[in-house]
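What follows is a short report on a single structure.
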Number of protein chains: 2
Amino acid sequence: MVTAPSPTPLSDSNLGALLCQVRNELIGRLERELAAHGYEMNFSQYLALKKLAAHGPMSAGELARTINLDAGATTRLLDRLEAKGYLRRQPHEQDRRALRIALTEAGQALWSDIHACGERALAEATRGLAPDEHVRLHAMLSGILATLRGGN
Amino acid sequence: MVTAPSPTPLSDSNLGALLCQVRNELIGRLERELAAHGYEMNFSQYLALKKLAAHGPMSAGELARTINLDAGATTRLLDRLEAKGYLRRQPHEQDRRALRIALTEAGQALWSDIHACGERALAEATRGLAPDEHVRLHAMLSGILATLRGGN
DNA sequence: ATGCACAAATTGCATTGACAAATATAAACG
DNA sequence: CGTTTATATTTGTCAATGCAATTTGTGCAT
């Protein structure tokens, strides 16, 4: 084999690389949307706000799991968001080890200000997909995730 | 809306989060495969080897673009792989600013030793998908990527 | 030729996140 | 009860990456 027989200049793109690229573009797009609204915030912070807004107060570990982040990283994420005044660490009612993370008023206000950014980024990404394709894509990815997690 | 009407305890999972999760699982799986073969190597390093093996020698910038990595990060990635003896920085024939990154013998041997790890990780992920689904998934992701990049 | 804008790689710096150790509390078990 | 084991969070440390500034080299237009 001497050099590339493939016609495509870049990206022969196996699924793994493709996934990474789409992920990066999508997150980048979201973060730019947020920045355009005047909020310097990364995807993890966005996700944390989203989960807290959707689900109500929860413990740090619970939050860490739902946003797929290490426990230590979550502590520091909470530090940042708390410093900005978007959430509060309250003591957990039954378990003194644990926390009850709750959005502040400011956090809720922020969320209602930015939740559309995510929808917009997503909508832009999936314009070009028929609605049923969108559904199928979601289903396939969920399926893969289940296979990888339950699998072995 | 008060609380979650959805039956799933975790992951109401919009596409962005889902993508991240699949990506993380897939990469984790690959890195564990590699570690099991005795190679401590992250996904970026794996990709770099792959591209160099598939495409032959190329410049650092070219490599950076194909593996979707910042130029500075690529410099350090090359440092690591060069230190392990898997590649060499050679001067570019026409352009003295640029490099010609080439796999060493050891690098080629390594690649033929590990390229199956990637295939295996991918195969495990997509077992459960019919072949035509696999194709459609790839097509949809490529489409999304094109939309996001060309889009606006 | 000389200068000027642009390009390739490197380096400095800051941020993020993973992993492991430490701390505090809870639960289970004898 | 007291001891042991498990769980929730925090902290220390480190590796990887992005961005901005720097260095070196190219090529174009005077």
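Keep in mind that the numbers below use all heavy atoms, side chains included, and drop hydrogens, waters and symmetry copies. A, B, ... follow the sequence lines: proteins, then strands. Residue 1 opens every chain. In this text the structure is predicted, and so the values were computed from the model without any measurement.
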Asn24(A) CG - dA16(D) C1' separation (whole Å): 14 Å

For chain B, the stretch of DNA chain C it reaches, first to last nucleotide, under 4.0 Å of its heavy atoms: dA7(C) to dC13(C)

Just to verify, what does Arg97(A) make a side chain to side chain donor-acceptor pair (under 3.5 Å) with, not counting sequence neighbours? Asp95(A)

Ordered by number, residues from residues 73-85 of chain B within less than 4.0 Å of DNA chain C (heavy atoms) are Thr75(B), Arg76(B)

Closest non-hydrogen atoms of Trp111(B) and Lys50(B), given as atom of the first, atom of the second and distance, are CH2-CB, 3.4 Å

Pick out the pairs of N or O atoms, protein on one side and nucleotides 1-6 of chain D on the other, that lie under 3.5 Å.
none

Salt bridge or not for Arg100(A) and Glu93(A), using N-O below 4.0 Å? no

Rounded to the nearest Å, what distance is computed from the NE2 atom of residue His92(B) to the C1' atom of nucleotide dT26(D)? 12 Å

Rounded interatomic separation in angstrom, taking CG from Asp95(A) and C1' from dT7(D): 8 Å

I'd like to check the side-chain contact (heavy atoms from CB on, under 4.5 Å) partners of Arg88(B); sequence neighbours left out, ordered by chain and number. Gln90(B), Thr104(B)

Using a cut-off of strictly less than 4.0 Å between a heavy atom of the residue and any atom of DNA chain D, enumerate the qualifying residues of residues 35-48 of chain A by number. none

Can you hop from Leu148(A) to Leu15(B) via hydrophobic side chains spaced under 4.5 Å? yes

Give a yes or no on whether Leu103(B) and Tyr39(B) share a hydrophobic cluster (residues Ile, Leu, Val, Met, Phe, Trp, Tyr; joining criterion: side-chain heavy atoms under 4.5 Å apart). yes

Identify whether any heavy atom of Ala71(A) sits under 4.0 Å from a base atom; if not, whether one sits that close to sugar-phosphate; answer base, sugar-phosphate or nothing. base

Among residues at least two apart in sequence or on other chains, which ones pass ring pair (Phe, Tyr, Trp, His ring centres under 6.0 Å) with Tyr86(A)? none

Considering residues at least two apart in sequence or located in another chain, which fulfil the side-chain contact (heavy atoms from CB on, under 4.5 Å) criterion with Ser59(B)? Glu62(B)

Would you indicate what Asp70(A) reaches in the nucleic acid, counting non-hydrogen atoms under 4.0 angstrom: base, sugar-phosphate, or nothing? base

To the nearest Å, give me how far apart CG (Leu69(A)) and C1' (dT9(D)) are. 14 Å

Spacing between Gln94(A) atom CD and dT7(D) atom P, to the nearest angstrom: 18 Å

Taking Leu99(B) as the starting point, is it possible to reach Ile67(B) by hopping between hydrophobic residues whose side chains are less than 4.5 Å apart? yes

Through what angle, rounded to 10 degrees, does the axis of the helix from dA1(C)-dT30(D) to dG30(C)-dC1(D) turn between its ends, using five pairs per end? 10°

Side chain to side chain contact (heavy atoms under 4.5 Å, CB included) partner of Leu77(B), chosen from Leu47(B), Leu69(B), Asp70(B): Leu69(B)

Determine the minimum heavy-atom distance between Met58(B) and His55(B), stating which atoms define it. SD-ND1, 4.0 Å

Please say yes or no: joined through hydrophobic side-chain contacts below 4.5 Å, possibly via intermediate residues, are Leu122(A) and Met140(A) part of one cluster? yes

For Glu82(B), enumerate each residue passing the side chain to side chain donor-acceptor pair (under 3.5 Å) test, keeping only those at least two apart in sequence or located in another chain. Arg89(B)

Verify same cluster id: Leu18(B), Leu129(A) (apolar side-chain graph, 4.5 Å): yes

Who pairs with Ala35(A) by side-chain contact (heavy atoms from CB on, under 4.5 Å), at least two apart in sequence or on another chain? Glu40(A)

If you look at every strand shown and take non-hydrogen atoms under 4.0 Å, does Gly72(A) touch a base, only sugar-phosphate, or nothing? base

Of Gly61(B) and Asn68(A), the one whose nearest nucleotide on DNA chain C sits closer to the 5' end is Gly61(B)

For Cys117(A), enumerate each residue passing the side-chain contact (heavy atoms from CB on, under 4.5 Å) test, keeping only those at least two apart in sequence or located in another chain. Leu30(A), Glu33(A), Leu34(A), His37(A), Ile114(A), Arg120(A)

Regarding Arg100(A), tell me which of base, sugar-phosphate or nothing describes its non-hydrogen contacts under 4.0 Å with the strands shown. nothing

